[in-house]
Amino acid sequence: MRTLPSIDYSEAKRAVELIVETALQMQKAVVVAVSDCRGELISFARMDTASVTSVVIAMNKAWTAARAGKPTQEIGERIRHPEKGHDISYYGDPRFVGWGGGVPVLKNGEVAGAVAVSGLSSNEDAGLARLGVDLIMRDL
């Protein structure tokens with residue numbers, strides 16, 4: 001039997017809390033999603049005044065990062081590459097996204113889950129998501 005690496009709820013919740021606290025300090029509102037290795041939600045938060053459209057985007061970023069095992073920004077750069085690029089539909093699921101902000105959590109080279117943020121620029125979303133990943137990685 002194969003055991004899959006995982007993120008437990010307490011780790012996911014702490015990552016969400018850290019990202020929300022950091023966004024509050026920045027005086028910005030975001031949506032945060034933490035998923036398991038299959039991209040299914042473990043923990044989620046939508047800050048007051050965060051965009052409703054960011055809800056699905058954050059969940060899709062977490063799903064994409066977990067399923068692809070790479071940051072969503074990397075996927076986005078690949079699909080926009082003028083010579084090597086391809087349509088996002090190449091991935092075969094409408095949940096795949098290429099905006100920055102979804103970052104996988106790796107344990108011993110395997111995907112344990114993902115942290116995603118939506119509501120700011122791709123770079124800001126990715127930076128906040130990395131804070132959550134770093135927190136979880138300290139526990140793995």
Side-chain angles (χ1 to χ4, degrees):
M1 182 189 307
R2 181 170 180 237
T3 303
L4 297 173
S6 64
I7 299 170
D8 66 35
Y9 173 73
S10 65
E11 294 168 325
K13 183 178 179 225
R14 285 197 341 265
V16 168
E17 289 169 348
L18 172 65
I19 293 166
V20 166
E21 180 60 35
T22 303
L24 282 170
Q25 290 171 5
M26 297 167 59
Q27 297 183 334
K28 299 193 176 186
V30 297
V31 177
V32 185
V34 179
S35 74
D36 65 15
C37 64
R38 294 175 192 88
E40 302 303 329
L41 284 179
I42 299 171
S43 187
F44 180 86
R46 176 179 166 229
M47 295 175 68
D48 295 339
T49 73
S51 170
V52 173
T53 58
S54 292
V55 170
V56 172
I57 293 170
M59 291 188 295
N60 287 347
K61 286 179 181 183
W63 188 90
T64 300
R67 292 288 180 114
K70 58 182 81 170
T72 55
Q73 191 158 4
E74 184 179 318
I75 292 168
E77 289 166 0
R78 181 167 183 117
I79 63 173
R80 287 186 291 276
H81 191 280
E83 295 163 6
K84 298 178 186 175
H86 53 271
D87 191 273
I88 193 78
S89 64
Y90 164 83
Y91 291 98
D93 194 298
R95 290 178 286 184
F96 268 93
V97 296
W99 298 298
V103 181
V105 176
L106 302 176
K107 180 180 182 183
N108 298 325
E110 292 190 69
V111 177
V115 177
V117 177
S118 184
L120 306 176
S121 72
S122 284
N123 288 335
E124 289 173 306
D125 286 350
L128 288 171
R130 276 189 223 97
L131 287 175
V133 169
D134 290 346
L135 178 69
I136 292 169
M137 293 299 294
R138 286 195 297 256
D139 295 336
L140 291 181

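Because the structure is predicted, anything quoted here is derived from the model rather than measured.
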Over all atoms of both residues, closest heavy-atom pair of [X] and [Y]:
X	Y	answer
Pro71	Pro104	N-CD, 3.6 Å
Ala126	Gln73	CB-OE1, 3.8 Å
Ala114	Ala62	CB-O, 3.4 Å
Ile7	Ser35	CD1-O, 3.7 Å
Glu124	Lys28	OE2-NZ, 2.8 Å
Val16	Ala45	CG1-CB, 3.5 Å

*Whichever hydrophobic residues join Val31 through chains of side-chain contacts under 4.5 Å*: Leu41, Phe44, Val55, Val56, Met59
*asked:* Using the rule side chain to side chain contact (heavy atoms under 4.5 Å, CB included), only one of Val34, Asp125, Val115, Leu24 pairs with Ile19; which is it?
replied: Val115
Tell me whether [X] contacts the main-chain N or O of [Y] through its side chain, where contact means a donor paired with an acceptor under 3.5 Å.
X	Y	value
Lys61	Val117	yes
Thr72	Trp99	yes
Glu110	Lys107	no
Ser122	Gly101	no

[atom2] on [Y] to [atom1] on [X], rounded to 0.5 Å:
X	Y	atom1	atom2	answer
Leu18	Leu128	CG	CG	8.5 Å
Asp8	Arg14	CG	CZ	8.0 Å
Ser10	Ile136	OG	CD1	9.5 Å
Cys37	Leu106	SG	CG	11.5 Å

*Applying side chain to side chain contact (heavy atoms under 4.5 Å, CB included), run through Val97 and Ile57 and close with a yes or a no.*
CA-CA 8 Å; Val97 296; Ile57 293 170; 5.6 Å; no
*Passes salt bridge (Lys or Arg N to Asp or Glu O under 4.0 Å), Glu17 versus Lys13? Steps please.*
CA-CA 6 Å; Glu17 289 169 348; Lys13 183 178 179 225; 3.5 Å; yes
_Shared hydrophobic cluster for Leu4 and Met137 (ILVMFWY, side-chain gaps under 4.5 Å)_ = no
_Would a single hydrophobic cluster contain both Val105 and Tyr9, if residues Ile, Leu, Val, Met, Phe, Trp and Tyr are joined by side-chain heavy-atom contacts under 4.5 Å?_
yes
_Can you tell me if Arg38 has over 12 outside heavy atoms packed within less than 6.0 Å of its CZ?_
no
*Asn123 and Ser121: side-chain donor and acceptor closer than 3.5 Å?*
no
